[in-house]
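Below: one structure, written as structure tokens.
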Amino acid sequence: MEAMNASTRALAFTVATTSLGFAVVQLDVTIVNVALPRIADELGASLAWLQWVVDAYTLSFAVLLLSAGALCDRIGARRAYAAGLAAFALASALCAFAPDVRWLVTARALQGVGAALLLPSSLALLNAACGDNGKARARAVAFWTAAGGVSIAAGPIAGGILLTAFGWRSVFLVNIPICAAAIAFVMRQRVPISRHPARAFDIRGQLLAIVSLIALVGSIIEASSQHARPPIFVIGAAITLLGAIAFRIVEARAEAPMFPLTLLARPGFARAVLFGVAANLTYYGIVFVLCLYLQQVRHYSALDTGLAYLPLTATFIVSNIASGALVSRSGTRTPMVAGALIGAAGFVLIARLDATSSFIQMLPGFTLVPFGMGLAVPAMTATVLASVDRSFAGTASGALNAARQVGGALGVAAFGALASHMNLVTALQAAAASSAALMVVAALIAWGNQPTVRGFIRLPGARAIAFVTRRGNP
């Protein structure tokens, strides 16, 4: 009994330690959105620069996650986690003292470097602490995801309060004490240590992944600018395609690949990755447009905008905890499908908003979207962790979250493009309707019993997955 209690306490400590890091990573995804109009006024930033303030973080975060996951498995999750916290705190200080928008964008990219180290290492630590206990893993991931979900939801609220009281620079300074607390916890050495130093570091694979992802997201962001040249997206797409083909060839032949291609053939892994892209694209894209809509169309103050997101916090907590219990009883498919469909219903309601909509009219959509996401995301994450050996937990979680962050960056870029070419009300309606359709597709993906949803619907992505795994590494 004493051994069981000690094990439970150790797991609880690990959950608390890793949740702090995940919370600060997720907080900076949304807290900045509320500050965008103030940043634009003070630093003279255009809409394109505001997109880069959001996406510089997401982009560097996304392109380095695969590398960070492999590094985490090689040097040990605890070391990678502590290094990520220190890097994130330093970059946050640089953001807070940015003299112009170019400095701010650069510092935001550096924040993404720290975040890339934090995310896969935190999941690897959780996975190691749970061992082979699937039910414990489901509960731990649910609490970990709840911390991130609450941070996402609370970001606009905290941002509004800080912005009103201290100005936009305070939204970055708030990260420093959180990182300091997490470093203090992880250095107490109760967190399990796992490392595989013999694993080679695949430099060619890292570089190809980085180039391909930067070309993909960067070209879409630039193409959304009103002043961009027409060929820029074509050039970016060509670089992305060539980089992806080269990556596939290099990884198939590498003795120790950074991303073993056969992971994509693991039951549930590919489904979860595709699902994660859809979830992040819709959610982060909508949050970006909604912040502009609330402040520029409905003329909410920064604080009022933050308070408008208050329902997100409560629903995220409830649905994250419910997801853990549901996964323990019925597996991961049910909460993923149900969450996607609930989210789709919420997006449909948001698509009905107009320039005169009251907060009461906004409330149902603002509640259903985070409830659905909160139900689905823990199940999605548990699917990935359960599908791989613990020695590859960092790599697998890095791959999942790289795909999710690319989805988020694409959502901001695509929906930002709508906002730059339409009036904000029309842009919000179009973005929400597109999000609803995409979440229905995500539900279909989650429904399938095979990673490529074979037997229910045959998506183009399934053929791509089959191609890259056909001659992958054993």
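Note that this is a predicted model, so its numbers are computed, not measured.
In this structure, Tyr57 and Phe61 have tilted ring planes: the angle between them lies in the 30° to 60° band.
Under the ring pair (Phe, Tyr, Trp, His ring centres under 6.0 Å) criterion, Phe275 pairs with no residue, sequence neighbours left out.
For the pair Leu43 and Trp168, the minimum side-chain heavy-atom distance is below 4.5 Å. The side-chain heavy atoms of Leu290 and Phe366, taken from C-beta on, include a pair separated by under 4.5 Å. With contacts defined as side-chain heavy-atom distances shorter than 4.5 Å, the pair Leu104/Cys95 qualifies. A 4.5 Å side-chain heavy-atom check between Phe347 and Leu438 finds every atom pair outside the cut-off.
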For Ile286 and Thr282, run side chain to side chain contact (heavy atoms under 4.5 Å, CB included): C-alpha distance rounded to whole Å, both residues' side-chain angles, the deciding distance at 0.1 Å, then the answer. CA-CA 6 Å; Ile286 279 292; Thr282 55; 5.6 Å; no
Full working for side chain to side chain contact (heavy atoms under 4.5 Å, CB included) between Arg38 and Gln295: CA-CA 11 Å; Arg38 193 76 63 86; Gln295 295 185 65; over 6 Å; no
Before giving the answer on side chain to side chain contact (heavy atoms under 4.5 Å, CB included), spell out for Val32 and Phe172 the whole-Å C-alpha distance, their side-chain angles and the decisive distance to 0.1 Å. CA-CA 8 Å; Val32 176; Phe172 298 107; 3.8 Å; yes
Can you list, pair by pair, the side-chain donor-acceptor contacts under 3.5 Å of residues 85-93, counting residues two or more places apart and other chains?
{"from": "Ser92", "atom 1": "OG", "to": "Phe88", "atom 2": "O", "distance (Å)": "2.9"}
{"from": "Ser92", "atom 1": "OG", "to": "Gln111", "atom 2": "NE2", "distance (Å)": "2.9"}
{"from": "Ser92", "atom 1": "OG", "to": "Asn175", "atom 2": "ND2", "distance (Å)": "3.1"}

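Looking at every heavy atom in both residues, Ser60 comes nearest to Ala109 through OG-O, 2.7 Å.
Heavy atoms from other residues, nucleotides or ligands lying under 6.0 Å from CZ of Phe359 number more than 12.
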